[in-house]
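First comes the structure, then the notes that go with it.
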Amino acid sequence: MEPPIKPIVTRFPPSPTGYLHIGGARTALFNWLYARKTKGRFVLRIEDTDAARSTSESVDAILESLEWLGIDWDEGPYFQTQRYHIYNEYIEKLIESGHAYYCSCTPEEVDAMREEAKAKGQKPMYNGKCRYLNLKKGDNTVVRLKTPDTGVTIVEDIVKGNTAFQNSEIDDFIVQRSDGSAMYNLAVVIDDITMGINTIIRGDDHLINTPKQMLIYSALSANMPVFGHVPMVLGSDKARLSKRHGAMSVGEYQKMGFLPDAMINYLVRLGWSHGDQEFFERAELIEKFDLEHLGRSASMFDTDKLMALNSKHIQKKSPGELADPLIYHLKELGIDAQNDTFTQGVIQTLQPRSKTLVEMADGAAFYYKDDVEYDKTAADKFLTPDILSVLKKSVERIETLEPYTHEALENVFKLIMEETGLKFGKLAQPLRVAITGTTVSPGIFEMLLVLGKEKTTSRIKKAIRFIQDKA
RNA sequence: GGUCCCAUCGUCUAGUGGUUAGGACGCUGGCCUCUCACGCCGGUAACAUGGGUUCGAAUCCCAUUGGGAUCACCA
């Protein structure tokens, strides 16, 4: 490995106007993976210059979701609202060098210009009225960038390829508002320059901003970063992901019982591929991720596929790794569990049959609730007098069982089967209802083993009483 | 509407001039089986359309159609 001459520096710049959503998480992930893969740096920057919509609750929610996903940052979070002085410095430079100018046109006047242009069948743009007036800073002046009237600006995009924009399509856009605050395009560029960002992976809704930003880089004689615009993530109706598509925030997926690793695995595959491979461990992703295999077309979010991946990740994890996340979901059900061998045993029995941690918690509840509640139809069907003798025999034999092992338990029932001539299926369901209250559960022996001798026998005894009382 | 982006099974995708167009999810038939699952075996289903270029196009070019983005003193 040759030492990198220029370490890759990427960034994720959310604006705190809501939760971290799926699309944002994916761009964060791409940037993070690329930085980690290249042993570069990943910078987090909060773009909070929209005072009306930005909230600190959103900042917290976004940071929390990133942490949950395991996306960590090397620098930041920086806040743009604390950097106005830097932007102003650069705006000064732009004016001094003749790349920008003060404009005293009111919003109404600009609107009129746009209407006029539209009426003439032209693109609505600012007409450059104040461009050569050499105005001084005034009470209501804005600063506009002097953009070239001719020529093209070519965006060399690493995922989309080269795209040429006619400079004549770009008007003298505002870089500083009349209240002295910097506009988005300027703030972004100044931040990226001063933070040393050299690789920008973002949603392709920004592709059209890119030539404007490139013009600022040029005006400042700054080094151009590498751009990569990834397609949007769409909802199931092919429309851009929005509120009406149901769950879209990362936090909601956490609540639904998805594993961060599954989330990351799914998100990265939405727009990136590594041959036929579908399942990726986190470390593997860092090793294999690249910019060359980013897709160019938009993709739809598919919860079923996420679910399938989640179930695979649940199966691959060790019970120890699953314990804390499961405990979180058990708590939602009012169950206090500990990360101990019991809970890990519980997990082991549920791993192959849980697509989410919520499912796992539901399936695990009976282990923790000693007062078994019988499902009505299950009890009617299986907790019947004809099974009494079998249940009694099992209690007797399990009570004296030493050692209490999977094999020993199996032998107990093998014997009962021989004595009664019943098939295992005939005994298993009543037993299952006695232990869990329902007809669906992990395998009988592994379940009894995890539950332990005491709880097993007391639950069967309870079922015996239940049948007797019913009679 | 102007500008820009995109186009392989229903969905996510592999594919970079010569493949029976592959995988995964979903759906589905079967096996396994103490329930539910897991797992295993099989099936279903795609190159948007029309022109070129080429001995040969999913792959290259153009047009059409369809989807999306963007046109602010929002980010």
Side-chain angles (χ1 to χ4, degrees), chain A residues 13-17 47-54 80 103 105-107 110-111 114 117-118 121-126 140-144 155 157 159-161 163-166 169-171 173-179 181-185 187-188 203-211 229 231-232 234 236 238-240 266 269-279 293 295-309 311-312 315 350-355 359 363 378 382 413 423-433 436 438-445 447:
Chain A
S15 45
T17 54
E47 307 205 329
D48 55 349
T49 53
D50 184 348
R53 296 194 300 149
S54 298
Q80 288 191 322
C103 164
C105 296
T106 63
V110 177
D111 280 345
R114 294 207 176 94
K118 247 197 267 184
Q122 291 166 342
K123 183 173 176 155
M125 303 201 306
Y126 174 69
N140 281 305
T141 53
V142 298
V143 175
R144 288 181 183 275
V155 179
D157 192 286
V159 353
K160 304 272 187 187
T163 306
F165 291 88
Q166 295 299 323
E169 291 282 328
I170 302 169
D171 68 355
F173 59 93
I174 296 175
V175 291
Q176 186 184 53
R177 300 184 186 90
S178 52
D179 68 358
S181 62
M183 284 282 287
Y184 168 72
N185 281 122
V188 165
D204 69 6
D205 50 335
H206 287 282
L207 187 57
I208 288 188
N209 280 322
T210 308
H229 290 90
M232 305 275 89
L234 311 176
S236 45
K238 292 215 172 194
R240 190 177 177 173
Y266 177 70
R269 281 286 294 113
L270 215 51
W272 176 81
S273 61
H274 185 75
D276 276 346
Q277 190 171 349
E278 300 282 351
F279 183 90
H293 294 86
R296 282 135 308 179
S297 52
S299 42
M300 276 172 38
F301 190 85
D302 178 12
T303 311
D304 280 339
K305 188 131 185 187
L306 205 210
M307 195 77 88
L309 236 21
S311 120
K312 280 218 170 59
Q315 289 189 59
L350 261 4
Q351 270 175 291
R353 61 200 95 229
S354 308
K355 283 195 189 323
E359 267 183 43
F382 295 110
F413 290 98
K423 286 197 176 154
F424 187 67
K426 283 287 175 198
L427 343 172
Q429 283 308 75
L431 205 55
R432 196 182 309 279
V433 178
T436 71
T438 72
T439 53
V440 175
S441 85
I444 293 286
F445 304 119
M447 193 165 70

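Numbered from 1 within each chain, the chains take letters A, B, ... in sequence-line order.
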* Asked: Has the side chain of A:Lys123 got a donor or acceptor atom sitting under 3.5 Å from an opposite partner on the base of B:C71?
  -> no
* Asked: Testing A:Arg432, A:Met447, A:Gln351 for side-chain contact (heavy atoms from CB on, under 4.5 Å) with A:Pro442, which one passes?
  -> A:Met447
* Expressed in angstrom and rounded to an integer, what is the separation of A:Leu350 atom CG from B:C38 atom P? -> 13 Å
* Under 4.5 Å between any side-chain heavy atoms of A:Val433 and A:Thr439, yes or no? -> yes
* To do: Establish, with yes or no, whether the OP1 or OP2 oxygen of B:A14 is under 4.0 angstrom from a side-chain nitrogen or oxygen of A:Ser273.
  => yes
* Asked: With a 3.5 Å cut-off and just heavy-atom distances, do the side chain of A:Asn209 and the base of B:A75 make a donor-acceptor pair?
  -> yes
* To do: With a 3.5 angstrom cut-off on both distances, give the Watson-Crick or G-U wobble partner of B:C71, or none if there isn't one.
  => B:G1
* To do: Verify the neighbour count for atom CZ of A:Arg296: are there more than 12 heavy atoms of other residues, nucleotides or ligands below 6.0 Å?
  => no
* Could you work out the separation of B:A48 and B:G67 based on their C1' atoms and round it to a whole Å? => 11 Å
* Contact under 4.0 Å: A:Arg177 side-chain N or O vs B:A72 OP1/OP2 -> no
* Check: A:Asp276 side chain, B:G22 base, donor-acceptor under 3.5 Å -> yes
* Structure fact -> Side-chain atoms of A:Lys312 come closest, of B:C25, B:C73, B:U35, to B:C25
* Pick base, sugar-phosphate or nothing for A:Cys105, based on heavy-atom distances below 4.0 Å to the nucleic acid. => base
* To do: Please state how far atom NE2 in A:His293 lies from atom P in B:C12, giving the value in whole angstrom units.
  => 19 Å
* Indicate whether the side chain of A:Ser181 and that of A:Arg177 have a donor and an acceptor atom separated by less than 3.5 Å. => yes
* Asked: In terms of ring plane angle, is the pair A:Phe413 and A:Phe424 parallel, tilted or perpendicular, where the classes change at 30° and 60°?
  -> perpendicular
* Asked: What is the distance, rounded to the nearest whole Å, between atom CG of A:Leu431 and atom P of B:U35?
  -> 14 Å
* Asked: When the C1' atoms of B:A7 and B:A58 are considered, how many whole Å apart are they?
  -> 11 Å
* **Whole-Å gap separating P (B:C74) and CG (A:Asp50)** => 8 Å
* Does any N or O donor sit under 3.5 Å from an N or O acceptor when you compare the side chain of A:Arg432 with the base of B:C34? -> yes
* Asked: Who does B:U19 pair with, Watson-Crick or G-U, both distances under 3.5 Å?
  -> none
Enumerate the protein-to-nucleotides 4-8 of chain B contacts in which both atoms are nitrogen or oxygen and the separation is below 3.5 Å.
from, atom 1, to, atom 2, distance (Å)
B:C5, O2', A:Lys160, NZ, 2.5

* To do: Considering only atom C1', compute the distance from B:C31 to B:A37 and round it to an integer number of Å.
  => 15 Å
* Asked: How would you label the contact of A:Pro442 with the nucleic acid (heavy atoms, under 4.0 Å): base, sugar-phosphate, or nothing?
  -> base
* Rounding to the closest angstrom, what is the interatomic distance between B:U13 and B:U8 at atom C1'? -> 9 Å
* Structure fact -> Pairing partner of B:G66, by Watson-Crick or G-U wobble and under 3.5 Å for both distances, is B:C6
* Asked: Across the strands shown, which category fits A:Lys355 at heavy-atom distances under 4.0 angstrom: base, sugar-phosphate, nothing?
  -> sugar-phosphate
* **Any residue meeting side-chain contact (heavy atoms from CB on, under 4.5 Å) with A:Asp171, in chain and number order, not counting sequence neighbours** => A:Met125, A:Tyr126, A:Phe173
* Just checking A:Ser441: base, sugar-phosphate only, or nothing, at a heavy-atom cut-off of under 4.0 Å? -> base
* Asked: If you measure from the P atom in B:U59 to the same atom in B:G51, how many Å do you get, rounded?
  -> 14 Å
* Asked: If only side-chain N and O atoms of A:Ser299 are considered, is one of them under 4.0 Å from the OP1 or OP2 phosphate oxygen of B:U13?
  -> yes
* Quick one: label A:Gly203 by what it contacts on the DNA or RNA (base, sugar-phosphate, nothing), any heavy atom closer than 4.0 Å. => nothing
* Write down the distance between CG (A:Asp304) and P (B:G26), rounded to a whole number of angstrom. => 6 Å
* **Touch class at under 4.0 angstrom, heavy-atom based, for A:Gln122 against every strand present** => nothing
* Is the base of B:C12 syn or anti, where syn means the angle lies within 90° of 0? -> anti
* To do: Check every strand shown and say whether A:Gly443 touches a base, only sugar-phosphate, or nothing at a heavy-atom separation below 4.0 Å.
  => base
* Quick one: is B:A75 close enough that its OP1 or OP2 comes under 4.0 Å of any side-chain N or O from A:Thr49? -> yes
* Asked: Is any side-chain heavy atom of A:His229 less than 4.5 Å from a side-chain heavy atom of A:Val159?
  -> no
* When the P atoms of B:G39 and B:C25 are considered, how many whole Å apart are they? -> 8 Å
* Short question: side chain of A:Ser311, backbone of A:Met307 - any donor-acceptor pair under 3.5 Å? -> no
* Touch class at under 4.0 angstrom, heavy-atom based, for A:Leu270 against every strand present -> sugar-phosphate
* Asked: For the side chain of A:Arg269, counting heavy atoms from C-beta on, which of B:C25, B:C34, B:G23 is nearest?
  -> B:G23
* Asked: Rounding to the closest angstrom, what is the interatomic distance between B:U65 and B:G50 at atom P?
  -> 15 Å
* Asked: Got a donor-acceptor contact below 3.5 angstrom from the A:Thr438 side chain to the A:Val440 backbone?
  -> yes
* To do: Identify whether any heavy atom of A:Pro107 sits under 4.0 Å from a base atom; if not, whether one sits that close to sugar-phosphate; answer base, sugar-phosphate or nothing.
  => base
* Which nucleotide in the list B:A72, B:U3, B:U35 gets nearest to the side chain of A:Glu169? -> B:U3
* Scan A:Glu278 against the nucleic acid and name what it touches under 4.0 Å (heavy atoms): base, sugar-phosphate only, or nothing. => base
